Amino acid sequence: MNKDKYSRLFEPGRIGGMELPNRFVVAPMARISADENGVPGALMRDHYAAFAEGGFGLVIAEGTYTDLASSQCFPTQPGIANQAQIDGWRTVTDAVHAKGCHILLQLMHTGALLATNSFGAPPLAPSAVLPEGEKSPRYGGSGPYTVPVELRRDDIEIIIDSHGQAARNAIAAGFDGIEVHNANGYLLDEFLTDYTNLRDDDYGGSLENRMRMPGAVMGAVKSAVGGGVAGVRLSQGKINNFEHQWAGGAGDARAIFTALAEAGADYLHLTTRQAGAEVFGSGRSLAGLARDYSGLPAIACGSLHDADAALGVLKRGEADFVSIAKGAIGDPALPKKIASGEIPLPFQSEMLMPLATLECTNAWRAANMPG
Ligand SMILES: Cc1cc2nc3c(=O)[nH]c(=O)nc-3n(C[C@H](O)[C@H](O)[C@H](O)COP(=O)(O)O)c2cc1C
């Protein structure tokens with residue numbers, strides 16, 4: 001019955017060649033729950049399958065490292081860089097597909113925001129700029145970041161290629177495609193951001209130059225996925241600077257979105273504190289501008305666990321899909337609950353305490369939701 005009121009959220013949609021049953025997407029969420037070799041196991045399989053069971057049409061799996069070198073951010077983060085990792089992910093993609101849901105993998109290079117790298121690599125970044133803030137204890141980090149090593153041009157080429165290889169590995173693992181992580185202050189966002197990219201070669205300086213690396217990675221991923229989907233996630237804010245805004249406002253937004261569309265993106269995924277909120281006095285949200293400027297489908301993220309907020313974003317044409325992070329941890333069956341008129345269970349921050357692992361969430365559930 002409720003499905004009538006919220007029917008826009010339950011309409012099928014399309015991204016590239018991927019037909020989706022509805023507009024509900026699980027946003028990528030790092031849960032540091034692979035084994036120490038970055039291989040996903042049964043815990044991760046069941047975690048992702050629960051979203052499929054709960055009615056989400058698309059899952060974007062967590063930020064995953066792309067090489068056995070500098071990209072890793074946390075020790076038990078999953079990777080997609082060797083056969084064991086591919087085989088581990090295959091169990092996840094099979095379980096999700098078995099329930100009629102699609103799944104993309106988010107490829108992530110940590111850049112300067114490195115917590116712990118098991119391969120002995122130092123943090124690498126466009127420029128040797130000390131990141132603001134401190135490492136997150138929920139991810140096993142503590143204390144300040146360190147000054148990263150400035151990337152040499154040949155290392156930049158290696159990182160572009162490793163994103164392409166990781167995308168091929170993800171397709172071999174059964175993913176429907178890739179989301180490039182260009183948000184939240186990690187490597188690709190460090191190239192885009194004026195105060196973390198101080199390079200004076202053609203990867204730095206003008207916005208066009210700062211977009212060269214994100215565009216090259218997008219292009220490498222696009223050619224690697226074949227008929228699969230290749231998209232990209234962007235934000236203005238960062239995990240260590242929530243308030244950052246693009247200096248050129250809507251003009252920057254236009255240049256960034258069109259560069260990524262030209263590089264081959266099939267969709268743009270925008271995360272903000274409150275999706276749908278107006279930016280740059282433009283009368284549109286960031287996702288709305290992405291849609292307008294690129295002509296691509298947009299996924300909006302940020303406090304959209306509320307069904308009325310999610311519906312409003314679609315109805316106002318700010319986005320084509322809504323992605324949900326914390327609300328999906330609170331209740332992996334959120335779409336089914338909205339359809340049936342039940343109230344989804346709320347997210348509680350204790351679910352990610354003391355660590356953001358699946359084990360901690362499961363222990364919280366066992367203690368607080370017996371039976
Ligand atoms: C536990 C957790 C892990 C996250 N990990 C990622 C990640 O791997 N990649 C990413 O792009 N964003 C990550 N995010 C950000 C979310 O995808 C999302 O942008 C943010 O939580 C806002 O959405 P919400 O209001 O629905 O929670 C994470 C968020 C949470 C709560």
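The basis for the numbers below is simple: all heavy atoms, side chains too, and nothing from hydrogens, waters or symmetry mates. These figures come from a predicted structure and were not determined experimentally. First listed ligand is number 1; within each ligand, the first listed atom is number 1.
- Contact between S303 and ligand 1 is present, with at least one heavy atom of the residue lying under 4.0 Å from the ligand.
- Between W246 and L286 there is a side-chain heavy-atom pair separated by less than 4.5 Å.
- Using a 4.0 Å cutoff on heavy atoms, C301 counts as a contact of ligand 1.
- When the options G330, G302, A325 are ranked by their closest heavy atom to atom 16 (C) of ligand 1, first place goes to A325.
- Note on ligand 1: Y139 sits in its first shell, one or more heavy atoms being nearer than 4.0 Å.
- You'll find the side chain of L43 reaches within 4.5 Å of the side chain of N362, heavy atoms only.
- Close approach of ligand 1 to L352 (heavy-atom distance below 4.0 Å) involves ligand atoms 1 (C).
- Within the structure, ligand 1 lacks L304 among the residues with a heavy atom less than 4.0 angstrom away.
- A donor-acceptor pair shorter than 3.5 Å can be found between the side chains of Q85 and Y65.
- Proximity to N184 (heavy-atom distance under 4.0 Å) selects the following atoms of ligand 1: 10 (C), 11 (O), 12 (N).
- Distances from atom 15 (C) of ligand 1 to the heavy atoms of Q106, R233, M29 show the closest one on R233.
- Close N/O approach between A27 and ligand 1 is not found [any backbone or side-chain N/O within under 3.5 Å].
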